[in-house]
J.: 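The structure's right below; bear with me while I get my questions together.
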Amino acid sequence: MANHHVWVFFYGSYINLDVLRDLGLVPERFEVARLPGFDIRVAPLANLVRADGQTAYGILATATHADLRRLYEHAQQILGEVYLPEAVLVETLGGTFRPALCYTCPEMAARPADPAYLDRLVHAARLHGFPAWYLQRLESFRVAATYPEGVMI
């Protein structure tokens, strides 16, 4: 059972296969997919929030539970955010629906995104062929500014 693979939907820096490889995960299988009913936020890390009428893009990949535990312990210990799994229904670009785990952060304090983090995310999104409108959405997090009252725009 330790080597049992499950499907997981990655949408942040983990869509970058170099980042996954650096963290010890080389998925046996992966494909571009979308998750209807969610919107992406990058402040400072990528996160998904429920949003009717929106769609988040990412990759659907295989991983073991041990792999996922290692990835998300890294997110907590190194990046400072706690991501928790939930079951979602992801749609591949071929129109097939597949159940998968998706990790989101329920309590991320909004802060500006690191430009290097956005570079890794946008570069991978381009390589995967995400739609132009979605690439613009990711790029929009570069222009977020904080006003004196601490309000993010």
Side-chain angles (χ1 to χ4, degrees), residues 6-51 53-64 66-86 88 90-94 98 100-153:
V6 297
W7 288 103
V8 61
F9 180 73
F10 294 126
Y11 55 87
S13 63
Y14 293 162
I15 68 168
N16 186 313
L17 297 177
D18 291 333
V19 170
L20 285 179
R21 189 176 308 108
D22 289 348
L23 294 171
L25 174 60
V26 178
E28 290 180 1
R29 296 172 52 194
F30 76 91
E31 60 186 303
V32 175
R34 59 185 157 240
L35 180 57
F38 285 83
D39 190 21
I40 192 163
R41 303 281 197 284
V42 185
L45 303 175
N47 196 24
L48 294 183
V49 295
R50 291 188 183 278
Q54 299 295 316
T55 299
Y57 277 78
I59 63 170
L60 186 60
T62 55
T64 66
D67 291 330
L68 295 172
R69 185 172 36 257
R70 186 176 61 255
L71 288 178
Y72 290 100
E73 283 176 357
H74 172 265
Q76 181 177 4
Q77 296 168 357
I78 305 300
L79 304 176
E81 300 294 348
V82 176
Y83 284 80
L84 301 175
E86 67 177 284
V88 296
V90 178
E91 183 182 10
T92 68
L93 295 187
R98 181 168 288 135
L101 292 176
C102 180
Y103 285 73
T104 61
C105 181
E107 297 182 18
M108 186 179 298
R111 300 181 305 281
D114 179 345
Y117 177 85
L118 280 170
D119 288 344
R120 287 188 299 276
L121 177 56
V122 171
H123 174 74
R126 280 196 177 98
L127 287 177
H128 290 306
F130 289 7
W133 69 265
Y134 197 77
L135 296 172
Q136 290 175 342
R137 174 80 173 124
L138 295 176
E139 289 286 359
S140 74
F141 294 105
R142 290 189 195 281
V143 298
T146 303
Y147 284 81
E149 296 81 28
V151 177
M152 294 286 295
I153 66 163

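When a residue number appears, it is its place in the shown sequence, counting from 1.
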J.: Could you go step by step and tell me if Leu20 and Phe30 meet the side-chain contact (heavy atoms from CB on, under 4.5 Å) rule?
T.: CA-CA 12 Å; Leu20 285 179; Phe30 76 91; over 6 Å; no
J.: Is the backbone of Thr64 close enough, under 3.5 Å, to the side chain of Asp67 for a donor and an acceptor to pair up by distance?
T.: yes
J.: Please check if the side chain of Arg98 supplies one atom and the backbone of Thr92 the other of a donor-acceptor pair under 3.5 Å.
T.: no
J.: What closest approach, in Å, do Leu71 and Tyr14 show between heavy atoms, and which atom pair accounts for it?
T.: O-OH, 2.9 Å
J.: Looking at Tyr103, is its backbone amide N or carbonyl O close enough to the side chain of Tyr11 to form a donor-acceptor pair, meaning the two atoms are under 3.5 Å apart?
T.: yes
J.: Just by modelled atom types, is the Ile40 backbone N or O under 3.5 Å from a matching donor or acceptor in the Arg137 side chain?
T.: yes
J.: What distance separates Leu68 CG from Tyr83 OH, expressed to the nearest 0.5 Å?
T.: 14.0 Å
J.: Please determine whether side-chain contact (heavy atoms from CB on, under 4.5 Å) holds for the pair Tyr57 and Leu93, giving the CA-CA distance in whole Å, both sets of side-chain angles, and the decisive distance to 0.1 Å.
T.: CA-CA 10 Å; Tyr57 277 78; Leu93 295 187; 4.1 Å; yes
J.: Indicate yes or no for a side-chain donor-acceptor contact from His128 to the backbone of Ile59 under 3.5 Å, with no hydrogens or angles considered.
T.: no
J.: Check the pair Leu138 / Leu118 against side-chain contact (heavy atoms from CB on, under 4.5 Å), numbers first and verdict last.
T.: CA-CA 8 Å; Leu138 295 176; Leu118 280 170; 5.5 Å; no
J.: Taking the six-membered ring for Trp, are the ring centroids of Tyr117 and Phe141 within less than 6.0 Å of each other?
T.: no
J.: Are the side chains of Leu35 and Cys102 in touch, meaning some heavy atoms are under 4.5 Å apart?
T.: yes
J.: How many angstroms lie between CG in Leu17 and CG in Asp22, if you round to the nearest 0.5 Å?
T.: 11.0 Å
J.: For the atom pair CG (Leu60) and CG (Leu101), what is the distance rounded to the nearest 0.5 Å?
T.: 10.5 Å
J.: Can you give me the closest heavy-atom contact between Phe9 and Ala56, atom names plus distance?
T.: CZ-O, 3.8 Å
J.: Testing the basics here: between Val42 and Ala113, what is the closest heavy-atom pair and its distance to 0.1 Å?
T.: CG1-CB, 3.7 Å
J.: Is there a side-chain contact between Val88 and Leu48, using heavy atoms and a 4.5 Å cut-off?
T.: no
J.: Does atom NE2 (His123) have a neighbourhood of more than 12 heavy atoms from anything else shown, all under 6.0 Å?
T.: no
J.: Looking at every heavy atom in both Val122 and Leu135, which two are closest together, and how far apart are they?
T.: O-CD2, 4.3 Å
J.: Considering all heavy atoms of both residues, which atom of Ala46 and which atom of Met108 are nearest to each other, and what is their separation?
T.: O-CE, 4.0 Å
J.: Could you walk me through whether Trp7 and Thr62 pass the side-chain contact (heavy atoms from CB on, under 4.5 Å) test, one step at a time?
T.: CA-CA 5 Å; Trp7 288 103; Thr62 55; 3.8 Å; yes
J.: Would you indicate whether the side-chain heavy atoms of Gln54 and Phe38 approach each other to under 4.5 Å?
T.: no
J.: At their closest point, which heavy atom of Cys105 faces which heavy atom of Glu81, and how far apart are they?
T.: SG-OE1, 3.6 Å
J.: Nearest 0.5 Å, what's the CZ-CD distance between Arg70 and Glu73?
T.: 9.5 Å
J.: Rounded to the nearest 0.5 Å, how far apart are CG of Leu23 and OG of Ser13?
T.: 8.0 Å
J.: Has Asn16 got a side-chain atom pairing as donor or acceptor with Ala124's backbone, closer than 3.5 angstrom?
T.: no
J.: Between Thr104 and Glu86, is there a side-chain heavy-atom distance shorter than 4.5 Å?
T.: yes
J.: Could you tell me whether the side chain of Val19 reaches within less than 4.5 Å of the side chain of Phe10, counting heavy atoms only?
T.: no
